[in-house]
There are 2 protein chains.
Amino acid sequence: MDYQDHKDKQFPQLPQKRYFAIGEVSILCKVKPHVLRYWEQEFPNLSPNTRRGNRRYYQQEEILLIRKIRELLYDEGYTIQGAKQKLQNKQFVKDVTSQEQIQKAQAELPLGDTDLTNAEPIANLKNQLQDILSILKK
Amino acid sequence: MDYQDHKDKQFPQLPQKRYFAIGEVSILCKVKPHVLRYWEQEFPNLSPNTRRGNRRYYQQEEILLIRKIRELLYDEGYTIQGAKQKLQNKQFVKDVTSQEQIQKAQAELPLGDTDLTNAEPIANLKNQLQDILSILKK
DNA sequence: GTGAGTTCGAATCTCACCGTTCCGACCAAA
DNA sequence: TTTGGTCGGAACGGTGAGATTCGAACTCAC
């Protein structure tokens, strides 16, 4: 059973059905069942339907979320805290439309992966850039 | 001693000197000395600190790297492995990430992984930084 | 030079994170 | 009715990421 091989980044294709049992999800996402239960404690938005006698019935959305979490944890090297935070930020970003400065910076900045969606103070970034410039001026 | 408060994302500005002792770096980066020594084992590119008689003398670039690592670990929630991988990916983006994932990431995050700090000629980078600064000065 | 303060490496310790294992009991479909 | 998947909870484990401690070596202002 090598469905947990971290290097194989291909997931099986999702069958066209509405609900999936935890064992199926385990195979489809390459995450063991007990880990799925554990993640459920850690990621509040990952709560499968459990009506019908305490069993989990996952929907397609949830499978995609699990795959995303898996990528963050196993491939990209986030901690669970970090992954949680990142997923929340993403939702946050969707909602916010008024931060013109940030959007502008995002549009124009060719700067690495300094994630301005975290709303990190611009001033701090500026200091860093000045430090960098002072090095480059040598 | 609150220089380790994770929520304070402001770093002190770098004094204009060439070499820094580990204690200074500790304050400038808000990372304790023993942690700096520990990171040195974990991040190979953080080893080139010139020693004179077994002492670490950090240069400005190393300080920036330490700050970057600190951000990845403490703010963004990467593991050390993840941070290491992310720093290395900057040199080998093509090998590690599939084209699909790159496109997906870019669709989600306008800033993407376009970290030019290692890949582009210094002069080019300098121009970009000046563009950035002019944006920030508005 | 002297003494106070830094820094050294290595060893040891801690503790939270991220699962793993085990469990008897429950459920569902063949 | 059997068989195999699933349940939750508690106990356990390993290792990641520092923290602490140590005596010795170094630095530098005086």
Side-chain angles (χ1 to χ4, degrees), chain A residues 1 3-6 15 17-44 46-59 62-63 66 69-87, chain B residues 1-6 17-44 46-47 49-59 62-63 66 68-87:
Chain A
M1 191 87 31
Y3 69 74
Q4 42 180 341
D5 180 3
H6 292 185
K17 38 190 288 201
R18 210 151 161 60
Y19 293 107
F20 299 84
I22 196 171
E24 299 174 279
V25 176
S26 171
I27 291 170
L28 290 171
C29 299
K30 302 183 240 163
V31 176
K32 294 184 181 173
H34 71 265
V35 178
L36 288 175
R37 296 198 204 100
Y38 171 66
W39 285 0
E40 202 173 316
Q41 301 168 22
E42 302 297 317
F43 296 92
L46 174 56
S47 49
N49 202 338
T50 79
R51 74 186 133 137
R52 230 181 343 168
N54 269 9
R55 302 224 157 183
R56 292 169 177 79
Y57 293 97
Y58 295 85
Q59 297 185 343
E62 280 149 351
I63 292 182
I66 291 167
I69 291 173
R70 199 200 118 98
E71 281 176 15
L72 292 176
L73 296 184
Y74 294 172
D75 300 332
E76 299 194 36
Y78 280 90
T79 64
I80 286 193
Q81 285 310 309
K84 201 186 309 181
Q85 169 184 314
K86 177 145 192 171
L87 289 174
Chain B
M1 196 85 35
D2 61 347
Y3 69 75
Q4 44 181 341
D5 180 3
H6 291 183
K17 39 190 288 201
R18 208 151 163 61
Y19 295 108
F20 298 84
I22 196 171
E24 297 175 280
V25 177
S26 172
I27 291 169
L28 291 171
C29 299
K30 300 184 238 162
V31 176
K32 293 185 181 173
H34 74 268
V35 178
L36 289 174
R37 295 197 203 99
Y38 172 65
W39 285 0
E40 200 173 318
Q41 302 166 20
E42 301 297 317
F43 296 92
L46 182 51
S47 50
N49 46 8
T50 23
R51 330 179 161 208
R52 201 174 60 201
N54 265 7
R55 302 220 157 190
R56 292 167 178 80
Y57 292 97
Y58 295 86
Q59 297 185 339
E62 281 149 353
I63 292 182
I66 290 166
K68 179 69 184 172
I69 292 174
R70 198 200 118 99
E71 282 176 15
L72 291 177
L73 296 184
Y74 295 172
D75 299 333
E76 299 195 35
Y78 279 90
T79 63
I80 285 194
Q81 285 309 309
K84 200 189 305 181
Q85 169 184 316
K86 178 144 195 172
L87 289 174

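Atom set for the values below is all heavy atoms of this structure, side chains included, hydrogens, waters and symmetry mates excluded. Just so we're on the same page: letters track the sequence lines, and every chain starts at 1. Quantities reported herein were computed from a predicted structural model and do not represent experimental measurements.
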Taking C-beta and beyond as the side chain, do [X] and [Y] meet within less than 4.5 Å on heavy atoms?
{"X": "A/Y78", "Y": "A/L87", "answer": "no"}
{"X": "A/L28", "Y": "A/Y58", "answer": "no"}
{"X": "A/C29", "Y": "A/I69", "answer": "no"}
{"X": "B/I22", "Y": "B/R37", "answer": "yes"}
{"X": "B/W39", "Y": "B/R70", "answer": "yes"}

Between the protein and nucleotides 5-7 of chain C, which nitrogen or oxygen pairs are less than 3.5 angstrom apart?
| residue | atom | partner | partner atom | Å |
| --- | --- | --- | --- | --- |
| C/dT6 | O2 | B/R55 | NH2 | 2.9 |
| C/dT7 | OP1 | B/G23 | N | 3.2 |
| C/dT7 | O4' | B/R55 | NH1 | 3.3 |

Could you go over nucleotides 11-15 of chain D and give all protein N or O partners under 3.5 Å, atom names and distances?
none

Legend entry - Nearest non-hydrogen partners of B/E42 and B/Q81, listed with the distance: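 In terms of heavy atoms, the two residues are closest at OE1-NE2, 4.4 Å.
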Side chain of [X]: nearest nucleotide among [options]?
{"X": "A/I80", "options": "C/dT20, D/dG18, C/dG19", "answer": "C/dG19"}
{"X": "B/V35", "options": "C/dC18, D/dA17, D/dG18", "answer": "D/dG18"}
{"X": "A/H34", "options": "C/dT20, D/dT27, D/dA19", "answer": "C/dT20"}

Legend entry - D/dG18 OP1/OP2 closer than 4.0 Å to side-chain N/O of B/W39: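 Result: yes.
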Legend entry - Presence of A/Y38 side-chain N/O under 4.0 Å of D/dG9 phosphate oxygens OP1/OP2: no
Legend entry - Under 3.5 Å: donor-acceptor pair, side chain of A/S26, backbone of A/V31: yes
Return the polar atom pairs (N/O with N/O) between nucleotides 1-4 of chain C and the protein under 3.5 Å, or none.
none

